[in-house]
Number of protein chains: 2
Amino acid sequence: MGRRNDHSRQEIREMALQVAEKIVAKEGLQGLNARKIASAIGYSVGSLYIVFENLDDLILQVNARSLDQLYTVISKTEQQCRQPDACLLALGQAYLEFAMEQPQRWRTVFEYQRTKDAEIPSWYRKKIFRLFKLVEKPLLEFMPTLEPHLCAQTARALWGGVHGICILALTGRLEIVGADSVQNLMELLITNYLAGLKNVQGTPCTPEEGTTQECKA
Amino acid sequence: MGRRNDHSRQEIREMALQVAEKIVAKEGLQGLNARKIASAIGYSVGSLYIVFENLDDLILQVNARSLDQLYTVISKTEQQCRQPDACLLALGQAYLEFAMEQPQRWRTVFEYQRTKDAEIPSWYRKKIFRLFKLVEKPLLEFMPTLEPHLCAQTARALWGGVHGICILALTGRLEIVGADSVQNLMELLITNYLAGLKNVQGTPCTPEEGTTQECKA
DNA sequence: ATAAACAATTGAACACCGTTCAATATGGGG
DNA sequence: CCCCATATTGAACGGTGTTCAATTGTTTAT
């Protein structure tokens, strides 16, 4: 088959991405390959390489969409809550919920590392940044005295923790008996972390309980 | 070449694992393949499949060794510390240090998922369990009133958090400027979490700060 | 209307991967 | 010394991602 002009490049790109999303959601990253995508959209492999630089590029786009959807979910959660501490807890649980409802897509986002040593593009980084921003906002309401840099650090520490629980849960390394226990872990982490924040910042440093870090600020 | 009896199967196995460890440490999981291992130990690919079920099996063994080495490091750290809170902080930092000094090996342990749907063998699970035990011990000293199950949960929440910070740091998703800032994140997470634990467990539940969970116990 | 120029599309081909197994070469027992 | 049991091989198979000469339909010029 030669020229047929059935679809524009943008359209082919869009079709490929939609198919790839479905495959990733159903079979995970392992189930995804160029020939499968190509045949599903009725084009050949060669056409994929006109529209995408390579498969890494394609997967990056799929992940970008997952991040966008995650942002939508998290953002809605953030808008619906009132008290900052309850808000942070709700954000963590929304994050966990997304991860558990779309495990394959979520895992693909965070486990996939490009083969090439190419840097993560800045537009993709921004999608991660704005997720952090959603955490920093209620955190600043919760601790208004936090200077911006420390707030960013505090948010990243908390979100790293939330993320870690999700990963260990999804990869089956938490090994917890019981149905909703991952949610409990999440609540434990967030509430204790926040309570500690309030406590440490609000009280003078006591030598037998504080370590060293908090006394400086 | 036919029979030569240069090495026993155990010896071939050992040689293969040592070579595989080096390759993983230097080039990561992506740099590892059967032919490379085979040529490095002076045998053919076929011999590898006599000694290992498949590459997944081989990688599992490599990861088991990484877990053992991690356990050694963490265990030593645990033995050297005095106060339980300082101990937990030291454990987290030792974990982070291992992850950053052996990034490829550490990532291979946690990011690799077997292709086959085969379960993780129980002897491998035990290696993960005993790592958690090292966390639960000082945690119980820190909070002697914790019932065993809640202690296990509390340890897993904390360790999930520690793990998450490591992962995000290693995959370049934290985006922190400065040298030792990941260490600071780790300290933030652990000290705040511990302070919160003490605070929440020790004081009666106040409606405006506590969420819901801690008031039940 | 016809031809020439152009561009979209293909799919065979290449180099790699994990895995298998018939063929083979050899150490050691009779 | 011969023969056999077996340790070892490596070509072969089906699967990757990726490339690019060849092909074929569309458009433009005459």
Side-chain angles (χ1 to χ4, degrees), chain A residues 1-17 19-21 23-24 26-63 104 108 111-118, chain B residues 1-17 19-21 23-24 26-63 104 108 111-118:
Chain A
M1 208 186 312
R3 182 168 184 155
R4 50 171 156 134
N5 275 17
D6 284 353
H7 306 93
S8 72
R9 307 208 152 181
Q10 274 304 320
E11 285 171 335
I12 295 179
R13 207 179 148 86
E14 183 59 29
M15 290 190 298
L17 284 178
V19 163
E21 264 188 301
I23 296 175
V24 165
K26 199 185 298 178
E27 311 171 42
L29 192 55
Q30 291 193 354
L32 192 74
N33 64 62
R35 284 172 245 263
K36 197 185 281 185
I37 300 170
S39 80
I41 66 173
Y43 276 83
S44 72
V45 262
S47 296
L48 279 184
Y49 283 83
I50 290 166
V51 171
F52 297 98
E53 197 181 329
N54 48 38
L55 267 209
D56 279 15
D57 181 23
L58 186 150
I59 294 166
L60 194 73
Q61 307 296 330
V62 170
N63 284 344
Q104 298 284 20
T108 300
E111 289 185 0
Y112 182 65
Q113 292 284 326
R114 297 128 300 295
T115 310
K116 327 289 180 183
D117 43 355
Chain B
M1 209 184 312
R3 181 169 185 156
R4 50 171 156 135
N5 274 17
D6 283 353
H7 306 93
S8 71
R9 308 207 152 183
Q10 274 303 322
E11 285 171 336
I12 294 179
R13 207 179 149 85
E14 183 58 29
M15 290 190 297
L17 284 178
V19 163
E21 264 189 301
I23 296 175
V24 165
K26 199 184 297 178
E27 311 170 42
L29 192 55
Q30 291 192 354
L32 193 73
N33 65 62
R35 284 172 246 261
K36 198 185 283 185
I37 300 171
S39 81
I41 65 173
Y43 276 84
S44 71
V45 262
S47 296
L48 279 184
Y49 283 83
I50 290 167
V51 171
F52 297 98
E53 198 181 328
N54 48 37
L55 265 209
D56 279 15
D57 180 23
L58 186 150
I59 294 166
L60 194 73
Q61 307 296 330
V62 170
N63 283 345
Q104 299 285 20
T108 300
E111 289 184 359
Y112 183 65
Q113 292 284 327
R114 295 134 297 297
T115 311
K116 327 289 183 184
D117 44 355

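Convention: sequence-line order gives letters A, B, ...; per-chain numbering from 1.
Annotation for V45(B) and A38(B): closest pair N-CB, 3.6 Å, computed over non-hydrogen atoms. Nearest heavy atom pair, residue V24(A) against residue T108(A), reads CG1-OG1, 3.5 Å.
Among dA11(D), dT9(D), dG17(D), the nucleotide with an atom closest to any side-chain atom of V45(B) is dA11(D). With distances taken from any side-chain atom of A34(B) to the nucleotides dT9(D), dT19(C), dG11(C), the minimum falls on dT19(C). Looking at the side chain of N5(A), the nearest of the listed nucleotides dT9(D), dT18(D), dA8(C) is dA8(C).
The shortest distance between the side-chain N/O atoms of Y43(B) and the OP1/OP2 oxygens of dT9(D) is not below 4.0 Å. Side-chain N/O atoms of N54(B) include none lying less than 4.0 angstrom from OP1 or OP2 on dG18(C). Residue S47(A) has a polar side-chain atom (N or O) positioned under 4.0 Å from OP1 or OP2 of dT10(C). The phosphate of dT6(D) (OP1 or OP2) has no side-chain N or O of R4(B) nearer than 4.0 angstrom. Considering only side-chain N and O atoms, Y49(A) lies under 4.0 angstrom from the phosphate OP1 or OP2 of dT18(D). Here R35(B) does not reach the OP1 or OP2 of dT19(C): none of its side-chain N or O atoms lies under 4.0 Å away.
Counting to the nearest Å, the P atom of dA8(C) and the CD1 atom of I12(A) are 10 Å from each other. To the nearest angstrom, C1' of dG17(D) lies 15 Å from CZ of F52(A). The distance from atom CD1 of I50(A) to atom C1' of dG17(D) is 16 Å, rounded to the nearest whole Å. Atom pair D56(A):CG and dT18(D):P shows a separation of 6 Å (rounding to whole Å applied). Computed from coordinates, the Q30(A) CD to dC17(C) P distance equals 17 Å when rounded to whole Å. Here dT10(C) presents its P atom at 11 Å from NE2 of H7(A), a figure rounded to the nearest Å. Rounding to whole angstrom units, CG of residue N33(B) and C1' of dG15(D) are separated by 15 Å. R9(A) places its CZ atom 10 Å from the C1' atom of dT9(C), with the value rounded to the nearest Å.
Nucleic acid contact for L48(B): none, since no nucleic acid atom lies under 4.0 Å from a heavy atom of the residue. Residue I37(B) is classed as having no contact, given no heavy-atom separation below 4.0 Å to the nucleic acid. Nucleic acid contact for L32(B): sugar-phosphate only, since backbone atoms but no base atoms lie under 4.0 Å from a heavy atom of the residue.
Residues N54(B) and Y49(B) form a side-chain contact, since some pair of their non-hydrogen atoms from C-beta on lies under 4.5 Å apart. In this structure, the side chains of H7(A) and E14(A) stay at 4.5 Å or more apart for every pair of heavy atoms. Between L32(B) and V62(B), every side-chain heavy-atom pair lies at or beyond the 4.5 Å cut-off.
Nearest-nucleotide assignment on DNA chain D puts the 5′-proximal partner with D6(B), out of L55(A) and D6(B).
For the pair E27(B) and K36(B), the salt-bridge criterion is met [side-chain N within less than 4.0 Å of a carboxylate O].
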